[in-house]
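Everything on this sheet refers to the single structure shown next.
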Amino acid sequence: MPPTKAPLLALAVLTLLASPAAAQRRRGRPRASAPPAPVAAAPQAAELISVPVADIDNMLRQMRVWVLNPPAGASAWGLSQLGAGYRLWALLPSCRAPNPDDPRDPCPVDRVVVESIGDNAPRVNTMDPTDLTPNTQGSRRVQSFVIPSGVGRVRVKLLGPRNAVRYEAVVDVGPLRELPTAQGSASPAGFAFDLAQYPAR
């Protein structure tokens with residue numbers, strides 16, 4: 001009898017099934033590649049929101065800092081050196097020598113910073129803190145600021161020792177006129193604050 005062709009036929013079928021083309025037909029059509037992941041948009045700068053002047057005033061008073069409008073025509077404590085614009089005084093607590101028997105911070109406030117906001121806004125002119133009573137240990141201090149016209153908003157920061165930021169807020173310049181006017185009298189320095197109105201410790 002002639003040899004059977006069944007084994008040869010089975011081998012041919014197995015070869016076809018093992019071919020890549022057959023495997024592709026069994027799997028069906030190739031899947032489309034997944035779409036690329038969307039590119040995240042660049043984060044936008046956080047919006048600066050102005051707070052009411054009363055909020056800033058209350059917060060600074062809690063830290064014994066008084067931001068005041070100088071009386072009309074006043075030029076003391078460096079105001080005369082800072083040019084034209086809207087003027088402010090900041091009355092600060094004293095910085096004392098450390099005392100191991102006094103748990104209070106000897107220098108809770110180093111200075112106030114007032115910065116204009118806006119790329120093209122003029123710079124706020126500022127004086128460093130000045131002792132109200134020169135050469136006196138524990139003297140209260142005052143800073144002067146002049147905000148030039150064209151500045152719509154400012155950032156107010158309260159700095160502790162080593163430039164530690166203890167408070168920061170943004171405020172519109174116009175409402176700063178709601179701040180109280182400094183109470184005091186004329187003096188050889190130009191103006192003497194009535195410190196009884198402005199407790200510090």
Could you check whether any side-chain N or O of [X] sits under 3.5 Å from a backbone N or O of [Y], counting only pairs where one atom can act as donor and the other as acceptor?
X	Y	answer
Tyr86	Leu176	yes
Ser149	Gly85	no
Arg155	Glu168	no
Glu115	Val156	no

Contact between [X] and [Y] at the side-chain level, heavy atoms closer than 4.5 Å - yes or no?
X	Y	result
Leu68	Leu88	no
Ile56	Val67	no
Leu158	Met63	yes
Pro71	Phe191	yes
Glu178	Pro52	no
Asp55	Met59	no
Arg61	Tyr198	no
Val171	Val154	yes

If you link I, L, V, M, F, W and Y whenever their side-chain heavy atoms are under 4.5 Å apart, who else ends up in the same group as Val165? Val113, Leu159

Return all side-chain donor-acceptor pairs below 3.5 angstrom for residues 123-135, not counting sequence neighbours, or 'none' if the list is empty.
residue : atom : partner : partner atom : Å
Asn125  : ND2  : Leu82   : O            : 2.9
Asp128  : OD1  : Arg111  : NH1          : 3.2
Thr130  : OG1  : Asp128  : O            : 3.3

Rounded to the nearest 0.5 Å, how far apart are [atom1] of [X] and [atom2] of [Y]?
X	Y	atom1	atom2	value
Asp172	Arg177	CG	CZ	11.5 Å
Arg140	Cys95	CZ	SG	11.5 Å
Trp77	Phe193	CH2	CZ	7.5 Å
Trp66	Leu91	CH2	CG	9.0 Å
Ser139	Arg96	OG	CZ	11.0 Å
Ile117	Arg153	CD1	CZ	5.0 Å

Please determine whether residues [X] and [Y] belong to a single hydrophobic cluster, defined as Ile, Leu, Val, Met, Phe, Trp and Tyr linked transitively by side-chain heavy-atom distances below 4.5 Å.
X	Y	answer
Val170	Leu179	no
Val53	Val51	yes
Val65	Val114	yes

Which atom pair, heavy atoms only, marks the closest approach of [X] to [Y]?
X	Y	value
Ala74	Pro70	CB-CB, 4.1 Å
Val151	Pro122	CG2-O, 3.5 Å
Arg166	Pro161	NH2-CD, 3.9 Å

Among residues at least two apart in sequence or on other chains, which ones pass side chain to side chain contact (heavy atoms under 4.5 Å, CB included) with [X]?
X	result
Asn58	none
Ala192	Ser185, Ser187
Asp110	none

Contacts of type side chain to side chain donor-acceptor pair (under 3.5 Å), residue Trp89, not counting sequence neighbours: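 For Trp89 the side chain to side chain donor-acceptor pair (under 3.5 Å) partners, ignoring immediate neighbours, are Ser144.
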
Does either side chain, that of Asn69 or that of Thr181, offer a donor lying less than 3.5 Å from an acceptor on the other one?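 There is no such pair (donor and acceptor under 3.5 Å, judged by atom type) between the side chains of Asn69 and Thr181.
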
When you look at Val142 and Leu92, which way does the side chain to side chain contact (heavy atoms under 4.5 Å, CB included) test go after all the steps? CA-CA 6 Å; Val142 62; Leu92 311 178; over 6 Å; no

